[in-house]
Structures are given as structure tokens and as C-alpha cells.
Amino acid sequence: MTGYVLRRLWQSAVVLLGVSVLVFAIMQLVPGDPIRLALGTRFDPDTYEALRARSGLDDSVPVQYVNWITSALTGDLGVSFRSGETVTSLIIERLPATLSLAGGAILVAILIAVPLGTLSALRPRSPVDWFATLSSQAGLSVPDFWLGIMFILIFAGTLGWLPSAGYTPLFEDPLGWAQHLLLPAVTAGVGSGSILTRFVRSSVLEAIGQDHVRTARAKGMRAGDVLRWHVLRNALVPFVTVGGVQLAYLLSGVVIVEYVFAYQGLGQLAFQAVQSRDYPVLQGAVLLFAVIFLVINLIVDLTYARLDPRISYRSSR
Amino acid sequence: MSIEESAETPPVTRQHRPRWLETLTLLARNPLAIAAVVVLAGLVFAALLAESIVPRDDIFTPDIANRLQAPSGEHWFGTDELGRDVFARVLAGAEVSLRVGAVAVGISLTAGVVVGLLAGYFGRWVDDTLMRVMDVLFAFPALLMAIAVLAILGAGSTNAMIAIGIVYTPIFARITRASVLSVREEVYVRAARSAGAGNVRIIVRHVLPNVTAPIIVQTSISLAFAILSEAALSFVGLGTQPPDPSWGRMLSEGRGFIEQAWWMAVFPGAAIFVTVLAFNVLGDALRDVLDPRQRSAMKGVGA
């Protein structure tokens with residue numbers, strides 16, 4: 001187990017190093033002078049020189065990389081070409097919005113997946129099962145940006161129940177926070193919910209077939225208790241993995257949903273950075289997303305190791 | 001030929017039909033798969049013939065007098081803010097979506113399968129190096145990675161194909177490698193090696209043909225995601241550029257007129273949905289048929 005943990009940590013460190021090189025390369029690969037491009041029509045020599053000196057673009061590339069990565073490790077991701085604010089402060093400002101959205105979306109996904117997946121596994125080939133299969137296929141295929149627009153059309157436009165855009169911080173106005181969160185969270189949660197539904201279905205089906213479930217039934221345990229103690233508990237272990245991966249995906253995959261709802265989160269920040277050629281912000285956001293993804297995957301793998309002692313790590317890599 | 005002769009030498013009959021024929025036969029038993037194939041055939045047809053079916057003027061030429069018309073007998077899907085026929089543009093958009101999707105998946109398929117074959121077959125440092133590079137690519141959220149690539153390369157449908165192609169390479173590499181690992185130690189591979197076959201020959205003749213099933217399944221599923229990604233990139237303005245009709249682009253234009261002209265957003269989005277759904281359903285059906293465990297179960301039930 002310790003060996004596995006160490007190897008997994010080492011692997012993540014290597015991948016993280018690669019990720020940092022690739023993110024660093026964004027600035028190097030941009031054709032032309034990134035600062036000149038970013039300033040565009042607002043070009044004035046003083047700002048240009050100041051930004052150039054601060055971003056260290058006159059150093060050799062390896063020196064630039066080492067400077068960038070050592071600063072990044074201390075939480076300094078540079079300065080926005082546009083606003084002059086530090087990238088770290090911009091990210092921290094946007095983080096709560098994206099965390100709310102990802103959290104809301106995974107909640108929606110679980111609320112869809114657990115009941116629907118369990119019901120369809122308990123009644124294979126029944127209408128419920130058909131409905132679950134078809135709706136999860138549909139949920140997986142529907143473009144989230146289109147779904148978002150349709151929700152806006154129906155719930156914000158025609159019915160006028162919910163706001164169509166924006167974000168309100170939780171502590172300023174809890175009701176406004178929830179109202180602004182609902183449509184984006186459902187939009188983002190449908191895709192993950194579909195993936196998880198299939199997953200819950202197959203792992204419940206597998207758990208039902210186990211001998212201990214038959215024994216529990218044979219000794220007269222109530223159906224609800226069998227489901228709770230013998231089926232769902234066993235089905236939960238793989239669910240943690242897939243659920244964790246979905247959360248990682250949602251934290252970083254909500255760029256489009258944030259765009260549709262003009263929701264001021266990290267994805268929107270990254271997207272605005274692309275449009276305004278604000279490369280330090282883009283680098284910071286992309287790096288953060290990749291780190292989040294790696295860390296969650298690492299945690300998921302290690303949790304999995306704790307939850308299911310049957311797994312042999314000698315063979316896995 | 002006399003009767004005695006034919007009795008002495010019985011005609012040679014093949015016990016086994018070719019595998020692909022068997023696959024198709026099993027696939028044809030799944031009504032959902034047939035529906036998906038019909039839809040996809042229709043789309044390919046629309047993509048190839050859009051400009052012969054609908055007048056080119058309907059796709060490109062503004063007709064301000066007829067702007068924002070609701071769906072009617074004349075304009076099935078209504079008209080957009082420049083008076084262009086939405087049905088004609090959706091039909092023409094099939095070409096863009098399918099082309100970008102196919103080229104992008106072609107890129108990731110080729111790159112990913114080569115990487116997976118090399119990593120799985122040679123193992124050791126080749127495996128470690130290649131797969132760590134794939135892990136690095138895999139660590140980025142797909143769409144964000146594509147957006148970052150387009151931030152460097154510049155917007156446009158060609159660059160979108162490259163960006164999407166890069167993003168989906170690791171998944172093909174992983175799937176191929178996993179299958180190669182199990183095939184590598186098979187008797188026929190060892191036999192080929194002891195018979196003196198070189199690495200290239202073994203990979204091409206003995207390994208590759210035996211790892212195609214999961215790759216075929218993944219191709220169908222990746223086409224779904226590539227089309228979805230192209231639409232998303234065009235939706236945010238980084239993919240296909242105007243005036244070319246692209247479903248994602250049309251959707252983003254329709255968003256601005258959502259209150260006056262719902263049809264501008266509804267129909268292009270529905271086209272994306274149906275296409276992606278068809279590829280996903282086909283991918284699932286292919287998996288059922290190509291997965292050996294499922295296959296024997298289906299054969300037991302049917303013929």
C-alpha cells in the first residue's frame with residue numbers, strides 16, 4: 001500500500017512537471033510579441049516596457065521557465081496584461097463561483113443517477129430501465145450550451161422564474177446565489193448525471209448478483225435493508241471513483257456553461273483571457289485546472305485503495 | 001462432373017463467416033443501431049448534397065426583407081437575422097460538422113493508435129515516456145485544452161480540427177496500449193517472433209488486427225465528442241468562422257435573438273443533439289457486438 005501511494009505520488013509529480021512545461025509553452029508558442037498583442041490598440045511605450053520587465057520576457061527561455069515555476073510554487077502567477085492585478089487574486093476572486101457551480105452540478109448528477117440507476121438495475125428490461133437507458137444516452141449527447149439556452153428560453157424568458165445570467169456571492173444574498181446557481185448547475189449536471197446513471201446501474205446489477213445478497217434475502221432480510229446494507233454499500237466503492245472523476249471534470253469542464261450564463265467563474269476568466277490575449281491569466285487558469293484535475297484523481301485513487309482492500313496494487317500501474 | 005466424383009470430394013464449405021459480416025449481422029438486430037445508421041447516412045447525404053438540394057443563395061445571401069421569419073411552409077425552420085433560410089443553413093452545417101469531426105478524429109486515431117502500439121509493444125522506457133506524455137495531455141480539461149491551443153494557433157475550422165485532434169489523442173493511446181498488452185503475449189505473436197518476423201511485421205500483421213475492436217468503438221464515440229467540441233468552439237467564436245454555416249456558430253447567433261426568434265437557436269442545437277446521439281448510440285451498439293462476452297451472450301439468445 002505504501003509503495004503504491006509513493007509510486008502514485010511520484011507519477012503525479014512527473015505529470016505535473018510536464019503540465020507546467022506545456023502551460024509555460026503557451027506564452028512561448030504565441031506568434032509574435034505577446035505583450036504587444038495583448039496591448040493591441042492601447043499600446044503605449046511605458047506600459048509596454050513595464051509589463052515586459054515584470055514578465056521577464058527578455059531572459060532566456062530556460063531561465064524564464066525556472067523563474068515562472070518557482071514563482072508559481074509560491075502562489076505568484078504573474079500579473080494580468082489587461083488589468084494589472086495579480087493572476088492569483090483574480091483566480092481567488094472567481095474560485096467560489098466555480099466551486100458553487102461544480103458542487104451544485106455534482107449534486108444534481110447524484111440526485112439523477114442514484115435513484116434512476118438503482119431503479120433501472122432493480123427492474124432490468126422494464127419501462128423504467130428503458131427510460132433510464134434512453135435518457136442517459138440523451139443526456140450524454142445533448143450539447144450543454146444548447147441545453148442552457150433552452151433553459152434560459154423556458155425558465156428565464158417564457159416563465160420568468162429564474163435569472164438568465166450572472167452570479168451572486170453566497171454570503172451577500174443566499175437566495176440570489178441559489179437562484180443564479182440553479183439553471184447552470186442543472187445544465188452542467190445533466191451530462192455527469194447520465195454517465196453516473198449508467199455506472200450506478202451496472203454496479204448495482206453486479207452487487208445484486210453476489211452470494212451474500214442471496215443469503216441475506218434467504219434469511220428473510222427486508223428488501224429495503226438488503227438494498228441498503230448489501231447492495232448499495234458494495235456498489236458505492238466504484239461509484240466513488242467515477243463520481244470523483246466527474247467532479248474533477250465538472251470543476252474544470254464548466255467553461256461553456258459559465259459562458260452561456262455569463263457566470264463569473266474561473267472558466268469565464270480563462271475564456272475572457274483568450275479573447276483579450278491576456279496570456280498570464282490564461283496560463284494561471286489552465287495550470288490551476290490541470291492541478292485540480294490531477295489532485296482529485298490522485299485523491300480518488302488513494303481513497304479507492306482504502307475503500308476496497310481487495311484491489312492488488314502490484315499489478316496496477 | 002459425375003455424381004461419383006462429387007461424392008468422393010465433398011465441396012469445401014466454410015464453417016465460419018467473416019468476422020465483419022457476423023458483426024454487421026448482430027448489429028442489424030439492434031433497432032437502435034439501425035436508427036442511428038439511418039440518421040448518420042442521412043447526414044452524410046445532406047453534407048454531400050446540401051448545395052444541390054437547397055439553393056446556394058438560401059445558405060449565404062442575406063435577404064433582409066425576410067429576416068426573422070417564423071417557421072412556415074416556405075421556410076421550414078424560419079429565417080435568421082439576415083433573412084437566410086435556417087433549414088438550408090442547418091443542412092449545409094452538416095458538412096462542416098462532419099468534416100471537422102472526421103478530420104479531428106482521424107488525427108487522434110492515427111496519433112493515438114501509433115503511440116499505443118509502440119508503448120504497449122515495446123514496454124519499458126518507450127512505454128513510460130510515451131504514456132507520461134499522454135498523461136500530461138490528459139490532465140487538461142478537453143475543451144479548455146482546445147481553447148488554449150486555439151489561443152495560440154488562432155481561430156478557424158482548420159485549427160479547430162488540430163486542437164480537437166490533439167485533445168482526443170490520449171484516449172486512443174490508452175485504449176490501444178491496454179489491448180496491445182493483452183495481445184503481446186499471445187501464442188501467435190510469440191510464434192511469429194520465433195519464426196523470425198521483425199517488430200514492424202509483428203505489429204502490423206499480428207498485433208494491430210487483434211486490437212481493432214475497442215478502437216472501432218472508441219472512434220464512433222470520439223466522433224460524437226469531436227462534433228460536440230467543434231460546435232462548442234464555434235459557439236464561443238473560436239471554430240468555424242462566418243459566413244460558413246456551422247451549427248455551433250448558428251446557435252451563438254441565435255442566442256442573441258432568443259426572445260424574438262427561438263427557431264434560430266432551437267434547430268441548429270437539435271441538429272447537433274441528433275448527430276451526437278446517433279454516434280453515441282452506434283458506439284454503444286458496436287461495443288455490445290464487439291465485446292466478446294456480450295457477443296457470445298447475444299449469439300446464445302438469437303441464432
Side-chain angles (χ1 to χ4, degrees), chain A residues 11-12 14-23 25-31 133-134 137-138 140-150 152-153 156-158 164 248-249 251-256 259-260 267 270-271 273-275 277 279 282-283 285-286 289-294 297 317, chain B residues 32 36 127-128 131-155 181 221 224-225 227-229 231-233 235-238 247-248 251-252 254-255 258-259 262 265-266 268-281 283-284:
Chain A
Q11 263 178 18
S12 303
V14 172
V15 171
L16 197 56
L17 187 72
V19 164
S20 74
V21 172
L22 208 58
V23 171
I26 291 177
M27 187 90 93
Q28 305 297 320
L29 291 174
V30 172
T133 309
L134 289 178
Q137 193 69 267
L140 203 61
S141 307
V142 68
D144 43 10
F145 43 97
W146 184 58
L147 191 64
I149 293 174
M150 294 300 110
I152 291 175
L153 178 64
T158 312
S164 67
Y249 161 77
L251 267 172
S252 46
V254 292
V255 188
I256 289 282
Y259 177 85
V260 171
F271 188 71
V274 172
Q275 284 180 322
R277 299 173 186 275
Y279 297 107
L282 178 64
Q283 280 182 317
V286 173
F289 279 130
V291 170
I292 291 175
F293 193 76
L294 281 174
N297 271 311
R317 10 178 327 122
Chain B
L32 281 176
D127 185 21
D128 278 337
M131 292 322 285
R132 282 308 85 76
V133 173
M134 291 297 117
D135 285 350
V136 169
L137 286 180
F138 210 63
F140 292 94
L143 196 62
L144 195 67
M145 175 86 177
I147 289 175
V149 172
L150 288 173
I152 298 168
L153 297 177
L181 285 181
I221 293 168
F225 283 109
I227 287 171
L228 211 47
S229 305
L233 291 171
F235 178 71
V236 298
L238 291 170
W247 294 335
L251 193 48
S252 93
R255 192 166 76 121
I258 192 76
E259 308 238 324
W262 53 266
V266 169
I272 304 170
F273 178 42
V274 169
T275 312
V276 172
L277 186 63
F279 276 117
N280 271 332
V281 167
D284 262 22

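When reading the values below, keep in mind they use all heavy atoms of this one structure, side chains included, and skip hydrogens, waters and symmetry mates. On a predicted model such as this, the values are computed, not experimentally measured, just so you know. Chain naming here is simple, since letters A, B, ... match the order of the sequence lines and numbering starts at 1 in each.
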If one checks every heavy atom of A:Ala138 against chain B at 4.5 Å, the contacting part turns out to be both
Query raised in the report: Are the ring centres of B:Phe235 and A:Tyr259 closer than 6.0 Å?
Result: yes
Less than 4.5 Å to any heavy atom of chain A: does that hold for the side chain of [X], its backbone, both, or neither?
X	value
B:Ala231	both
B:Ala142	neither
B:Leu153	neither
B:Leu150	neither
B:Leu143	side chain
B:Met145	side chain
B:Val274	neither

message: Are A:Trp146 and A:Val260 packed together at the side-chain level, in the sense that at least one heavy-atom pair is separated by less than 4.5 angstrom?
response: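 Of all side-chain heavy-atom pairs linking A:Val260 with A:Trp146, none is under 4.5 Å.
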Taking every non-hydrogen atom, the tightest pair across B:Ala278 and B:Ala36
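Nearest pair, atom of B:Ala278 first, then B:Ala36: O-CB, 3.4 Å.
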In Å, rounded to the nearest 0.5 Å, how long is the span from [atom1] of [X] to [atom2] of [Y]?
X	Y	atom1	atom2	result
A:Met150	B:Phe273	CE	CZ	12.0 Å
B:Leu233	B:Leu228	CG	CG	10.0 Å
B:Ser229	A:Ile256	OG	CD1	9.5 Å
B:Phe225	B:Ile221	CZ	CD1	7.5 Å

Name the member of [options] that forms the most heavy-atom pairs with chain B at distances under 4.5 Å.
options	value
A:Val291, A:Val255, A:Val142	A:Val142
A:Phe293, A:Tyr279, A:Phe289, A:Phe145	A:Phe145
A:Ile292, A:Leu22, A:Val21, A:Leu294	A:Leu22
A:Ile152, A:Val19, A:Leu17	A:Val19
A:Val14, A:Leu282, A:Leu140	A:Leu140

Pick whichever of [options] has the most heavy-atom pairs under 4.5 Å with chain A.
options	value
B:Ile272, B:Asp135, B:Leu144	B:Leu144
B:Leu238, B:Ile147, B:Leu277	B:Leu277
B:Val236, B:Leu32, B:Asp284, B:Ile227	B:Val236

- prompt: Under 6.0 Å from the CD atom of A:Gln275, do we count more than 12 heavy atoms belonging to anything else shown?
  reply: yes
So the side chain to side chain donor-acceptor pair (under 3.5 Å) pairs with at least one residue in residues 139-151 of chain B (sequence neighbours excluded) are none
Residues passing the salt bridge (Lys or Arg N to Asp or Glu O under 4.0 Å) test with A:Asp144, sequence neighbours excluded, are none
